[in-house]
Amino acid sequence: MLQAPPGTRDLFEPEIHLWQSIEQTVRRVMALAAFSEIRTPIFEPTDLFARGIGEATDIVGKEMYTFTDRGDRSLTLRPEGTAGVSRAVIERKLLGGGGILRLWYMGPMFRYERAQKGRQRQFHQIGLEVLGCATARADAEAIALAQQILQELGIAHRTVRLNSVGTPEDRHVYRAALVDFFTPHQDKLDPDSRDRLTRNPLRILDSKDPQTQAIAADAPKLLDFLGTESRAHFDQVRSHLSDLGVDYVLDPTLVRGLDYYTRTAFEIQSSDLGAQSAVCGGGRYDRLLEQLGGAPTPAVGWAMGMERLVLLLEAQRGAIASGVEVYVVSRGGGAEAQSLVVAQNLRQQGIATELDLSGAKFDKQLKRASQSGATLALILGEAEVAQGVVQLKHLRDGTQVVVPWAEVVSHVQETLPAGWAIAKSGTLPT
RNA sequence: GCGAUCGUAGCCAAGUGGUUAAGGCAGAGGAUUGUGGUUCCUCCAUUCGUGGGUUCGAUCCCCAUCGGUCGCCCCA
């Protein structure tokens with residue numbers, strides 16, 4: 001039996017409606033804030049991620065879908081969006097000699113991991129990046145927009161966790177202090193944390209092991225190691241967030257997993273998610289573009305997990321109307337031929353029309369008509385064809401009228417309840 | 001990569017070491033020939049994820065394998 005690869009899934013009704021409405025909200029909020037969409041390739045040179053995300057990270061170390069193409073290039077399915085966007089900005093000189101660029105994106109990402117609740121191998125992210133701006137206002141705006149999207153989607157129980165991870169220089173000093181602190185206790189650390197002592201000491205701080213946590217409580221705090229500029233920047237971000245009415249909690253243990261973050265790091269979590277509680281994560285990455293060969297460019301951004309949004313919204317998802325206004329029923333050669341023409345005429349006038357192709361008996365087709373949620377059933381049999389008319393049946397009250405072909409469209413337009421033209425706007429009712 | 005747990009039709013879901021694997025939904029056909037969410041009848045898994053093994057005999061026991069789910073690691 002052929003099946004989809006592990007950690008991937010097919011999306012279709014009714015869940016797909018939820019995706020569409022999320023996408024719609026995102027587009028709207030991004031447009032309101034003057035962000036423009038960017039679509040970058042699904043795969044990029046492996047080196048882009050290795051250099052951008054960091055050789056030592058789990059993503060690069062064990063989670064990338066890497067392959068060699070027929071031209072002997074090493075390519076990788078993108079595990080996240082920021083590296084590709086940064087590459088595009090550099091390569092296309094989107095920032096020119098300066099200025100500020102606001103971009104957003106949405107699309108699939110790939111990481112080779114064991115699937116669990118809220119985590120897939122192919123997953124989808126919505127992301128936002130502000131490039132060319134070092135001020136704390138950019139950080140605050142980015143975080144506020146994430147909150148606005150979540151708010152408008154109706155996601156409750158959100159917590160913003162905020163931290164500053166300083167500059168690489170700050171962290172270098174802090175890292176040494178941490179190693180000094182933990183080394184005498186290393187026998188008492190859990191195995192994972194002992195391993196992290198050499199690989200990534202900062203990670204020990206958010207270990208879930210109780211004994212490790214007890215030890216870590218007295219560890220030096222990263223915030224105490226921030227340089228004066230990082231400190232000032234952090235204070236400004238906090239001040240702006242207060243001005244914006246964005247609630248947050250300081251979390252000194254919040255360390256993002258990607259090497260490129262500097263200063264601001266934040267995460268928005270929901271208590272309704274299970275083990276993978278973060279629905280949005282991001283921060284500032286002032287060194288990334290330079291590291292990728294571009295001009296030094298301060299930047300800040302975030303990414304949201306689509307699957308996690310969907311998970312949060314699924315509980316509150318109601319029944320979704322099909323959007324069909326007219327259901328066309330026909331039986332017999334001439335009638336079936338004419339039904340095709342009638343359906344086309346209706347659609348060309350923006351009336352959502354479903355054509356029953358089964359050729360089954362009228363009672364079967366009418367049953368489906370009422371199940372479809374359509375307002376009207378348009379009935380065409382040999383008798384109607386002989387007279388050049390159709391029967392238009394109002395499925396709510398059961399009334400039925402005979403309408404000549406030439407008047408079908410106008411009659412339907414008059415009969416449909418106000419709001420039918422929603423089909424013309426290209427949006428489905430949600 | 002590690003751990004736990006599960007895998008019966010499109011979906012939900014009973015079931016037992018032994019002739020024909022409940023039921024429900026959906027679907028198809030029909031109940032005097034063309035009219036709907038009701039009712040009634042009929043049909044719809046040579047087969048219980050896959051491959052081995054134990055057994056006279058396995059869907060039910062064992063092993064492997066492939067998937068799902070939840071968790072660890074890590075992350076959106």
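All values reported here derive from a predicted model rather than from experimental measurement. Throughout, protein chains are lettered first and strands after them, A, B, ... in sequence-line order, and every chain is numbered starting at 1. Heavy atoms only: backbone and side chains are in, while hydrogens, waters and symmetry mates are out.
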| Applying a 3.5 Å limit to both distances, which nucleotide forms a Watson-Crick or G-U wobble pair with C73(B)? | none
| Can you find a donor-acceptor N/O pair under 3.5 angstrom joining the side chain of R119(A) to the base of C74(B)? | yes
| remark: Assert: residue with more 5' nearest nucleotide on RNA chain B, out of S358(A) and G118(A), is S358(A)
| Would you call R102(A) and E141(A) a salt bridge, taking side-chain N to carboxylate O under 4.0 Å as the test? | yes
| query | Under a 3.5 Å cut-off for both distances, is G37(B) Watson-Crick or wobble paired, and to whom? | reply | none
| Are OP1 or OP2 of C70(B) and a side-chain N or O of R114(A) less than 4.0 angstrom apart? | no
| query | Heavy atoms under 4.0 Å, any strand shown: does G398(A) hit a base, just sugar-phosphate, or nothing? | reply | base
| field | Check: G68(B) base within 3.5 Å donor-acceptor of Q3(A) side chain | value | no
| field | Nucleotide opposite G23(B) in a Watson-Crick or G-U pair, distances under 3.5 Å | value | C12(B)
| note | D356(A) CG to A28(B) P, in whole Å, measures 9 Å
| request: Identify which nucleotide among G34(B), G36(B), C73(B) has an atom closest to any side-chain atom of L395(A), counting heavy atoms from C-beta outward. | output: G36(B)
| Do Q400(A) and U35(B) have a side chain to base donor-acceptor pair shorter than 3.5 Å? | yes
| Nucleotide nearest R368(A) when distance is taken to its side chain, options G67(B), A28(B), A4(B) | A28(B)
| task | On RNA chain B, check which nucleotide each of P6(A) and M306(A) is closest to and give me the residue with the more 5' one. | result | P6(A)
| Contact under 4.0 Å: Q371(A) side-chain N or O vs G36(B) OP1/OP2 | no
| query | Is there a donor-acceptor pair under 3.5 Å between the side chain of N345(A) and the backbone N or O of V342(A)? | reply | no
| request: Indicate, with a heavy-atom threshold strictly under 4.0 Å, whether A369(A) touches base, sugar-phosphate, or nothing. | output: nothing
| said: If you only use heavy atoms from C-beta on, which nucleotide in C70(B), G34(B), C74(B) is closest to the side chain of A383(A)? | reply: G34(B)
| request: State whether K364(A) places a side-chain N or O below 4.0 Å from either non-bridging phosphate oxygen (OP1 or OP2) of A26(B). | output: no
| query | Does any nucleotide pair with U5(B) by Watson-Crick or G-U wobble geometry, both distances under 3.5 Å, and what is it? | reply | G68(B)
